[in-house]
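What's counted below: heavy atoms across the whole structure, side chains too, no hydrogens, waters or symmetry copies. Order of the sequence lines sets the chain letters (A, B, ...), proteins ahead of strands, with each chain counted from 1.
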2 protein chains.
Amino acid sequence: MNVKTICLAILHEGDATGYEIRKLSTEGEYAYFVEASFGSIYPALARLEEEGLVRSHVQQQAGRPAKKIYSITDAGRAAFRDSLFEDLGDDVYRSAFLLFARFAPELPADLVETRLRERLAKQDDAIRKLKDLQEEHQSPQDRWVISYGISCIQVARDYLAAHMHELIALAQPVAEAEAAE
Amino acid sequence: MNVKTICLAILHEGDATGYEIRKLSTEGEYAYFVEASFGSIYPALARLEEEGLVRSHVQQQAGRPAKKIYSITDAGRAAFRDSLFEDLGDDVYRSAFLLFARFAPELPADLVETRLRERLAKQDDAIRKLKDLQEEHQSPQDRWVISYGISCIQVARDYLAAHMHELIALAQPVAEAEAAE
DNA sequence: CACCCCCTATATCGCTTCGATATATGCTCG
DNA sequence: CGAGCATATATCGAAGCGATATAGGGGGTG
């Protein structure tokens, strides 16, 4: 799943600028399972245009910078659909949090507790955002994917809430006086 | 969470070769939340040695290629612990499967069903492997992290089993005769 | 028993991608 | 009225991925 495919997927659903593609892949309904940065989107769009899979036209705007609006071509639509027939790669999951958790016994209990609470707050926030997103999107395939995401984050959150004290208990105890310093 | 940090984390728990580090980050207890390939591990280890954070010695072996065994130094141990005090980056989750699911309405129902069943089998396999891993590891921090993983994959698997027919129903119906062709 | 593939083991190369930065302007809020 | 944020494009250096090269031993199959 490279950035070119992500761009085609988003353009398949409607025209967009590079800026908008990045927003959708960072905040929109694609945010939690794909992502791409400017540094990869702009070169990807340029290459897609060379290959004839997308087309662009510049739209001047009063005040604001000019937009370069990209549209998918028939060839692009075909290429994207073909790519959906290919074997799916494995999901990627990387978590600095779990590495941190793995080394809890090396760390002071108050730090471990702080990070766990931060994590819990982040997950609550993510769930809230996904629920908002679900209300904005009526298409059943969007709802299906977003529900999947909510289920996963919810169970991770609940596991954390139920088992955080176990991890804190493994960490280095901090004396009251030391903690107050 | 860069590859250098992953190498230090693994060497923190014991000496290892580049090959073993890669195995641990691909099949071992780190596998499902960190990952690194040869192309990043070997350069990372070389740079860590330059920086004095790890040390290596070559061990000749009868028949097999010589091993280059890396050990963490006191400086490396300190640098790794310091990195655990830094703010944690967000988790990364990328899923070609969810992109595929999002576009189910564009695809033939039999393909969607095939991919869903493949996915279910993969997740069952992942759960089995994590359960085996959990029996091999007695340290409570390992068990905590692995349990977290099992919970997440289990709920994803159950969601899939419960809702896969919804996605198949959204896909393009395939006529019996056409399917037989 | 030859052949082939897999496992161990190190290492590099090219391409993709990330993260930071540059540039420019308008809008909003304190 | 100035700081900071949103819109918008684009590039650069560094990091990392995936494939490939190299090489010998072990195991299974025709």
Check: Mapping B/Lys23 and B/Tyr70 to their closest nucleotides on DNA chain C, which lands nearer the 5' end?
Finding: B/Lys23
Notebook entry, point to check: Considering only side-chain heavy atoms of B/Tyr19, which listed nucleotide, C/dT8, D/dA19, D/dA15, is closest?
Noted result: C/dT8
Next item on the list: Please state how far atom CZ in B/Phe38 lies from atom C1' in C/dT8, giving the value in whole angstrom units.
Entry: 9 Å
Checklist line | Interatomic distance where CZ belongs to A/Arg94 and P belongs to D/dA15 [whole Å] | finding: 17 Å
Next item on the list: Measure from the side-chain heavy atoms of B/Ser37 and tell me the nearest of D/dT9, C/dA9, D/dG18.
Entry: D/dG18
Check: Among the nucleotides C/dT17, C/dA20, C/dA9, which one has an atom lying closest to any side-chain atom of B/Lys67?
Finding: C/dA9
Check: Picking from D/dG18, D/dT9, C/dA9, which would you name as closest to the side chain of A/Lys68?
Finding: D/dT9
Item checked: side-chain contact (heavy atoms from CB on, under 4.5 Å), paired with B/Leu11, selected from B/Leu53, B/Thr73, B/Ile21 -> B/Ile21
Margin query: So A/Lys4, base contact, sugar-phosphate only, or nothing? Heavy-atom distance under 4.0 Å.
Written below: nothing
Check: Contact class for B/Arg22 (heavy atom, under 4.0 Å): base, sugar-phosphate, or nothing?
Finding: nothing
Margin query: Using the side-chain heavy atoms of A/Asn2, tell me which of these nucleotides is nearest: D/dC17, C/dT16, C/dC18.
Written below: C/dT16
Margin query: Under 4.0 Å, heavy atoms only, any strand: does A/Ala44 hit a base, just the sugar-phosphate, or nothing?
Written below: nothing
Notebook entry, point to check: Between C/dT8 atom C1' and B/Ile69 atom CD1, what is the distance in whole Å?
Noted result: 13 Å
Note to self: I need the CD-P distance between B/Gln60 and D/dG25, as an integer number of Å.
What the structure shows: 14 Å
Checklist line | Contact under 4.0 Å: A/Ser40 side-chain N or O vs C/dT17 OP1/OP2 | finding: no
Item checked: Nearest-Å distance for atom pair CD/C1', residues B/Gln59 and C/dA9 -> 13 Å
Check: In terms of side-chain heavy atoms of B/Glu20, which of C/dA11, D/dT11, C/dA9 is nearest?
Finding: C/dA9
Next item on the list: Answer with base, sugar-phosphate or nothing: what part of the nucleic acid does A/Gly18 contact at a heavy-atom distance below 4.0 Å?
Entry: sugar-phosphate
Notebook entry, point to check: Is the shortest side-chain N/O distance from A/Thr17 to OP1 or OP2 of D/dT9 below 4.0 Å?
Noted result: yes
Next item on the list: To the nearest Å, give me how far apart CG (A/Asp90) and P (D/dC17) are.
Entry: 14 Å
Check: Can a donor-acceptor pair be found between the side chains of B/Thr26 and B/Glu35 at a distance below 3.5 Å?
Finding: no
Margin query: Below the 4.0 Å mark, does D/dT9 have OP1 or OP2 next to a side-chain nitrogen or oxygen of A/Tyr42?
Written below: yes
Note to self: Students often get this wrong, so: under 4.0 angstrom with heavy atoms, is B/Glu35 touching a base, only sugar-phosphate, or nothing?
What the structure shows: sugar-phosphate
Next item on the list: Would you kindly give the CD1-to-C1' distance between B/Ile41 and C/dT8, to the nearest whole Å?
Entry: 15 Å
Next item on the list: Find out whether B/His12 and A/Glu106 are in side-chain contact, i.e. whether some heavy atom of one side chain is under 4.5 Å from a heavy atom of the other.
Entry: yes
Item checked: Flag if over 12 foreign heavy atoms under 6.0 Å of CZ, B/Arg143 -> yes
Check: Could B/Arg47 and B/Glu50 be called an ion pair, given the rule that one side-chain N must be under 4.0 Å from one carboxylate O?
Finding: no
Check: Nearest to the side chain of B/Val3, which nucleotide is it out of C/dT10, C/dA20, D/dC17?
Finding: D/dC17
Checklist line | Ion pair check, A/Asp91 and B/Arg119, cut-off under 4.0 Å | finding: yes
Next item on the list: Take atom CD of B/Glu49 and atom P of C/dA11, then tell me their distance rounded to the nearest Å.
Entry: 10 Å
